[in-house]
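Some notes on the structure that comes next.
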Amino acid sequence: MLTTTYIRDNKERVLQGLRIRNWTEDRLHIVDDIIAADDARKKEKTELDDMLAERNRMSKEIGGLFKQGKKDEANALREQVNALKDRAEKVENELNESRDRLEEMLLQLPNVPHPSVPAGTTEEDNEVYREWEGDLPELGDDAKPHWELAKDFQIFDMELGVKIAGAGFILYRKNGAKLQRALINFFLDEADRAGYEEVMPPHLVNADSARGTGQLPDKEGQMYHTEKDSLYLIPTAEVPVTNILRGDIVEEADLPIKFTGYTPCFRREAGSYGAHVRGLNRVHQFDKVEIVQAVHPDKSYAHLDEMVEHVAGLLNKLELPYRILRLCGGDIGFTSALTYDFESYSAAQKRWLEVSSVSNFETFQANRLKLRYRDAETKKVHLAHTLNGSALALARIVATIIENNQTPEGIKVPKVLQSYMGGLEILK
RNA sequence: GGAGGAAUGGCAGAGCUGGUUUAAUGCACCGGUCUUGAAAACCGACGUACCUUAACGGGUACCGGGGGUUCGAAUCCCUCUUCCUCCGCCA
């Protein structure tokens, strides 16, 4: 959520940002509407505060009069206060209405895209930020997609997932289960080496947390919700991990704060079935190691670059071909200012699969979270910047690993994972 | 799940028979005096959000969350949440 102060001071940037996000001109009046609602809020707040100040003053006087035994005067004053209270209540109602109206509009306003975000409407328009420089792996015509390899080499079982839970749930077995565990440990170790504090958070969150990172109210339908306890299954570790800092004021010297955590991620993903979502390409539950940072506003883009390099390093070590996209205005998330997507090439499906998304939210999440830092010099508090990225999401990584490394005898295990799998070199 | 107790500023902790409490006091933190330096001692400052002001400053709200009673609520009432103690159940 943007602050009204920011919107007032950067109106043209906000409007330009909405245009990059393909908002039509007839919707742009929301910015002026927000400012108008904020004007009304300020006016009513001033009015109400003055009335309350008067009430407080009179109440104190009444206390004094009672002590002196001047009952008649006290009672007369009491009636005056009652009249004042009626008027104050009206103003208070108006103030609350203005606040609600303002809040409702602010929630509809997405983050301002970074100047480098390219124009565009669909994923076709995303800019290739870093192309894969080597040759893409070529497999023979007899190459199999991962869902077939999974059966041949005991990686996972779709039917059992359906039997136990439903479509879109996977049961990993034997080789696949070990591979999951190896990848999680490898990713966590790498994040640990990069200075991230490892955490293992709750996998269900309350509404405050979901609101803090922007899942509510924007993406209500994406999450599983438990009716009786009103908790949400996390769609990403971003939610519980970033919310560690909700409401905090940290010292500038404590920045950057870096967390990493492994969690399963649950996504309802309503209404998308078909060939392109077969196998592990899109599932309701997948595993992911997430990296999260809270940083000084002046340094957030340096930290974004650092996170991009971290993810690139993981893919290099796994020996997977990948490219990096800079998401265009039409494809970038509601809460993000700049997002890089990583896509790993699936040689058997002959297509790129999204395996990571790394974003800078600037103050958008921090404002909802009320995550601030205290400036070391001025002692003033300011909103921090938050960032996060997948490092990495497992399901699709597993797909590309087993497809690209297939041989008639089994799946070659990437060198870097072998020590995590008891020296195993081939899955068969 | 049952019974009882509690929730106060970074921490500890008073206030809780409603009105100089604009939340005492101690510790921590910060600034200063003293000192070669440090410690001790002493002095001072010490929250967040919003409104207002060119600025200094002024105002309002916040004592777990929400609502209520009252001229006036940390204090009384209702409700929710969390924590503690005991019992029950349990990986």
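If you're wondering where the values come from, they're calculated on a predicted model, not measured in any experiment.
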For this session: Would you check if there is a donor-acceptor pair between the side chains of A:Ser209 and A:Arg246 at a distance under 3.5 Å?
Result: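 Checked: A:Arg246/A:Ser209 side chains pair up, N/O donor to acceptor below 3.5 Å.
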Problem set entry | Flag for A:Glu44-A:Ser98: side-chain donor and acceptor within less than 3.5 Å |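 There is such a pair between these side chains.
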For this session: Evaluate the ring planes of A:Tyr373 and A:His296, with Trp represented by its six-membered ring, and classify them as parallel (under 30°), tilted (30 to 60°) or perpendicular (over 60°).
Result: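 Taking A:His296 first and then A:Tyr373, their aromatic rings sit tilted (interplane angle of 30° to 60°).
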For this session: Please list, in 5' to 3' order, the outermost nucleotides of RNA chain B lying under 4.0 Å from any heavy atom of chain A.
Result: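 Contact span on the strand: B:G19 to B:G72.
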Heavy atoms under 4.0 Å, any strand shown: does [X] hit a base, just sugar-phosphate, or nothing?
X        : answer
A:Leu77  : nothing
A:Asp50  : nothing
A:Lys45  : base
A:Arg374 : sugar-phosphate
A:Ile249 : sugar-phosphate

Would [X] and [Y] pass as an ion pair if we require N to O under 4.0 Å?
X        : Y        : answer
A:Lys42  : A:Asp39  : no
A:Asp38  : A:Lys45  : no
A:Lys412 : A:Glu319 : no
A:Glu54  : A:Arg57  : yes

Exercise. Which atoms form the tightest heavy-atom contact between A:Glu252 and A:Ala376, and what is the distance?
Worked result: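 Where A:Glu252 meets A:Ala376 most closely, the heavy atoms are OE1-N, 2.7 Å.
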Exercise. 5'-most contact on RNA chain B: A:Asn82 or A:Lys42, nearest heavy atom basis?
Worked result: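 Residue closer to the 5' terminus by nearest nucleotide: A:Lys42.
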For this session: Starting from the 5' end of RNA chain B, give me the residue, A:Asp49 or A:Glu79, whose nearest nucleotide shows up first.
Result: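 Taking each residue's closest nucleotide, the earlier one in sequence belongs to A:Asp49.
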Seminar exercise, completed: Encoded 5' to 3' (Watson-Crick or G-U under 3.5 Å; [ ] crossing; | other strand), RNA chain B becomes ((((((((.[[[..)...(.....]]]..((((.......))))..((((((....)))))).[[[[[..)....]]]]])))))))....
For this session: For the residue pair A:Arg181 and A:Ile184, establish whether any side-chain heavy-atom pair is separated by less than 4.5 Å.
Result: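 No, their side chains stay 4.5 Å or more apart.
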Problem set entry | Pairwise C1' distance, B:A23 and B:U35 [rounded to whole Å] |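 Looking at atom C1' only, B:U35 and B:A23 are 37 Å apart.
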